[in-house]
Amino acid sequence: MLKRTHTCGQLRLSDAGKKVILAGWAHSYRDHGNLVFIDLRDKEGLTQLVFNPVTQPNVHKLAKTVRCEWVIAARGMIQPRSEGMENPKLPTGQIEVSVQQLEILNPSKTPPFEIDSAEKTSEELRLTARYIDLRRPKMYQKLRVRHRVAKIVRDYFDRLGFLEIETPFLAKSTPEGARDFLVPSRLHENCFYALPQSPQLFKQILMVGGVDKYFQIVRCFRDEDPRADRQAEFTQVDVEMSFVDSNDVIGVHENLIAKIWKQILDVDVKAPMRRLSYKEAMADYGTDRPDLRFDMKLKEISDIAKKSSFNVFTSAVEKGALVKGLCAPGEKYSRSDIENTLTAFVADYGAKGLAWTKVKKQDEKLSLAGGTAKFFSPDLQKKIIERFEAKDGDMILLVADKEKNANKALTPLRCKLAKDLKLYDQNCFEFVWVVDFPLFEANEDEKRYDSLHHPFTAPTQEDLDKLETDPANVCSQAYDIVVNGCEIGGGSIRIHDPKVQQKLFDLLNISKKQARRQFGFFLKALEYGAPPHGGIAIGLDRLIMLLTGTDNIRDVIAFPKTQRGQCLLTDAPSEVDAGQLEELNLRTQRHLHAIEQKKDDQK
RNA sequence: GGGGCCGUAGCUCAAUUGGAUAGAGCAUCGGACUGUCGAUCCGAAGGUUGAGGGUUCAAGUCCCUUCGGCCUCGCCA
């Protein structure tokens, strides 16, 4: 076998005269009857091979048989291309290899799609023939960024004295949070492992174990419906540290993020980063993961709206709902755009309606015109205009609903408008830490509290007493890192006092018995000198999505799954032999039906 | 579990809105060609219109069921 001496992306004019061997895939071939050209491709680039029938008749003959995606190796001499024959589109376009020996390492069937038109090919086919898709330079680039980020992460934590420690994948199921993937135990009948949703308890126990500084680039599993930015299995940069407060954890990670952005994109990220309290974020942006690339803050105008003559608003405010909205440059939107497109848009998020009005300048004075304007007196109109700091030509869009519902509709609306109106630079990154989360959110259906993050998040020292008196207003020591409206990580200082942890379980309506059964091992660990500790988990897939500019998580995973959790390449999940089930003491519904059928037949 | 979009040749799409033998570009195969680089030119082959059922004189087109892909609501401590 010819062994390569160079890659297909590195040869330049200065290499002219060198004897080289290249290996790769035939990207394209151009047969002129006499001269034959083959563009040879490997992960580094393309280099043109030229076959001359006069000087190398046998090699030329063989070259004529080569087809796209055949794997070949070629030995030859680098020669400068003659004048006018250079290809400025290729970094190697100044030279070509005049081939003296050609070896066909492996022919290929005609590929199911052409590499050059993969962008236009259905993702379904690309996933089915992933090995073809991965040959594309763009795909390789994304894998490379992923690798480089992982390397930066490992080097960074290593230098700071962190240990990367593996935690079990065959773990204990806990009912909270997402649905677990279960793995049946062969040795323990009727028992199951769960694949970890995160190594949360293990990393905390590592802190009790004195490890002090832990990190892991680790796969996590959550059996929930996928989305464009969500897969059932995904990767986290998982971190835990002892003897720290929130600021320590935040500091370490904003430096890491800055380092990654600098090394991958050559972008300077300011550290320390901005911080927003949960309250501010919810009030101004309607979400705990605000997109700060543009302003367009949400404003509540319940106080003004309740004085209007618009029944929808007045009755809503009376019922304890609020009127909230935003103000956007409105020239681009016609009345029907608003009443059809935008109203339908917010309806998808549960909004019952979208009230609108436009801001007009007349005689140097701003007033409202159109839509709901008629329900507001000039005085109220003035107040609305002031509240939104509205300008001539703006449109004001309002939703009247319970706070939660209004926010749920307005947040995506705000993002959609900003995108449509191009209110921000696509290439900028606005990082923000969202802090001061409440510890709980009320679960109205089941009349109890739910953890906003998870039940191991510590309340602030000041609010410890409120756990007894006023749980709804207890603030937690949690923090989320958000960029461009995307949550890329979150964590908290944890509870290290078993009594506080028990109190939390009580408030979450987890009985002592249940707590002991599910978390007993953990509560016990806390009783043996658990240090104060805290940590964070950063979503690696989303990080890579941001760094590579894709909004499809499957693009940054070598072998991703579809919306229905299938791997089109391997056809997982698939049925298994009855014998395998037997060994695991499992019966599927179909299995049981078959057994019943057999019994009936015997009768 | 709900909503939306999609499925026609290996690939990307078309088919005058229910009408005749389902077309085109690329790819493939054969031929021609001395410098191309999305080579060009000539020719050929290529179809269970995702699957099943229905309406109709007639279905790629309309209806029902089903499979698959994508987006999304719910869900994702």
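This one's a predicted model, so the numbers in the text were calculated from it and none came from an experiment. For the numbers below, each heavy atom of this structure counts, side chains included, while hydrogens, waters and symmetry mates do not. Naming convention: chains lettered A, B, ... in sequence-line order (proteins, then strands); numbering from 1 in each chain.
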Identify all pairs in which a protein N or O lies below 3.5 Å from an N or O of nucleotides 31-35 of chain B, and state each distance.
residue, atom, partner, partner atom, Å
B/rC33, N3, A/Asp31, O, 3.3
B/rC33, N3, A/Gly33, N, 3.2
B/rC33, N4, A/Gly33, N, 3.1
B/rU34, OP2, A/Asn34, ND2, 2.6
B/rG35, OP1, A/His32, ND1, 2.9
B/rG35, N1, A/Glu96, OE2, 2.8
B/rG35, N2, A/Glu96, OE1, 2.6
B/rG35, N2, A/Glu96, OE2, 3.0

Atom pairs under 3.5 Å: protein N/O with N/O of nucleotides 5-8 of chain B:
none

Next item on the list: Could you please spell out the steps behind the side-chain hydrogen bond (donor to acceptor under 3.5 Å, both in side chains) verdict for A/Asn509 and A/Tyr449?
Entry: CA-CA 8 Å; A/Asn509 217 3; A/Tyr449 293 104; over 6 Å; no

Next item on the list: Check the pair A/Glu44 / A/Gln10 against side-chain hydrogen bond (donor to acceptor under 3.5 Å, both in side chains), numbers first and verdict last.
Entry: CA-CA 8 Å; A/Glu44 301 297 327; A/Gln10 70 183 116; over 6 Å; no

Item checked: Trace of the side-chain hydrogen bond (donor to acceptor under 3.5 Å, both in side chains) decision for A/Thr128 with A/Arg126 -> CA-CA 5 Å; A/Thr128 306; A/Arg126 286 173 45 211; over 6 Å; no

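Among the nucleotides B/rC37, B/rU12, B/rA27, the one closest to any side-chain atom of A/Arg30 is B/rC37. Taking the side chain of A/Glu224 as heavy atoms from C-beta on, and the options B/rU28, B/rC76, B/rG69, the nearest nucleotide is B/rC76. Here the side chain of A/Ser28 is nearest to one of B/rG30, B/rG1, B/rA39, namely B/rA39. Comparing B/rG1, B/rG69, B/rC71 by their nearest atom to the side chain of A/Asp225 picks out B/rG1. For A/Cys68, counting side-chain heavy atoms from C-beta on, the closest listed nucleotide (B/rU28, B/rC37, B/rG69) is B/rU28. Checked against B/rU12, B/rG69, B/rC75, the side chain of A/Arg230 finds its nearest nucleotide in B/rC75.
Put simply, the side chain of A/Arg227 and the base of B/rG74 share a donor and an acceptor less than 3.5 Å apart. One cannot find a donor-acceptor pair under 3.5 Å joining the base of B/rG3 and the side-chain atoms of A/Asp348.
A/Glu86 comes within contact range of at least one nucleobase, with a heavy-atom separation under 4.0 Å. When heavy atoms are screened at a 4.0 angstrom cut-off, A/Asn87 is found touching base atoms of the nucleic acid. Using a 4.0 Å heavy-atom criterion, one finds that A/Leu508 contacts no nucleic acid atom at all. No contact: A/Arg126 has no heavy atom under 4.0 Å from any strand. Note on A/Thr110: only backbone sugar-phosphate atoms sit closer than 4.0 angstrom, heavy atoms only; bases stay farther off. Nucleic acid contact for A/Tyr349: sugar-phosphate only, since backbone atoms but no base atoms lie under 4.0 Å from a heavy atom of the residue. Nucleic acid contact class of A/Pro455 (heavy atoms, under 4.0 Å, all strands): base. Nucleic acid contact class of A/Leu46 (heavy atoms, under 4.0 Å, all strands): none. Contacts of A/Lys408 with the nucleic acid, taken as non-hydrogen atoms under 4.0 Å apart, involve only primed sugar atoms and P, OP1 or OP2.
One finds a side-chain N or O of A/Arg564 lying less than 4.0 angstrom from the OP1 or OP2 phosphate oxygen of B/rG68. For the pair A/Thr121 and B/rC11, the criterion of a side-chain N or O lying under 4.0 Å from OP1 or OP2 is not met. Contact annotation: A/Lys120 side-chain N/O to B/rC26 OP1/OP2 distance is not under 4.0 Å. The shortest distance between the side-chain N/O atoms of A/Gln563 and the OP1/OP2 oxygens of B/rC71 is below 4.0 Å.
The distance from atom SG of A/Cys475 to atom CG of A/Asp436, rounded to the nearest 0.5 Å, is 4.5 Å. Separation of atoms CG (A/Asn407) and CE (A/Met282) is listed at 5.0 Å; rounding is to 0.5 Å. Here the CG atom belonging to A/Asn58 is positioned 13.0 Å from the CZ atom belonging to A/Phe51, to the nearest 0.5 angstrom.
Between B/rG18 and B/rG43, the two P atoms lie 36 Å apart (nearest whole Å). Nucleotides B/rU21 and B/rG47 have their C1' atoms positioned 13 Å apart, rounded to a whole Å.
For A/Arg222, the CZ atom counts as densely surrounded, since its 6.0 Å shell holds more than 12 non-hydrogen atoms of other residues, nucleotides or ligands. Counting heavy-atom neighbours within 6.0 Å of A/Lys279 NZ, excluding the residue itself, gives a total of 12 or less. No more than 12 heavy atoms of other residues, nucleotides or ligands sit less than 6.0 Å from atom CG of A/Asp551.
Pair assignment for B/rA15: none, as no Watson-Crick or G-U wobble contacts are both less than 3.5 Å. Across all strands shown, B/rG30 pairs with B/rC42; the Watson-Crick or G-U wobble distances both stay below 3.5 Å. The partner of B/rC5 is B/rG69, judged by Watson-Crick or G-U wobble contacts that both fall below 3.5 Å.
Geometric assessment of A/Lys512 against the ring of A/Phe505 yields a negative cation-pi assignment under the 6.0 Å and 45° thresholds.
Taking the six-membered ring wherever Trp is involved, the centroid distance between the rings of A/Phe456 and A/Phe522 falls below 6.0 Å.
Between A/Asp223 atom CG and B/rG74 atom P the separation is 18 Å, expressed in whole Å. B/rA9 atom P lies 12 Å from atom CG of A/Leu125, rounded to whole Å. As rounded to whole Å, 14 Å separates atom P of B/rU72 from atom NZ of A/Lys416. As a whole-Å value, the separation of A/Lys89 NZ from B/rG38 P is 3 Å. Distance NZ (A/Lys109) to P (B/rC11): 13 Å, rounded to an integer number of Å. Protein atom CD of A/Gln197 is 16 Å distant from nucleotide atom P of B/rC75, rounded to whole Å. For A/Gln566 and B/rC67, the CD to P distance is 12 Å, given to the nearest whole Å. A/Glu114 has its CD atom 14 Å from the C1' atom of B/rA9, to the nearest Å.
Closest of all the heavy-atom pairs between A/Ser476 and A/Thr457 is CB-CG2, 3.7 Å.
Nearer the 5' end of RNA chain B, as judged by each residue's closest nucleotide, is the contact made by A/Pro111, out of A/Asp116 and A/Pro111.
No side-chain donor-acceptor contact under 3.5 Å links A/Asp42 and A/Thr7.
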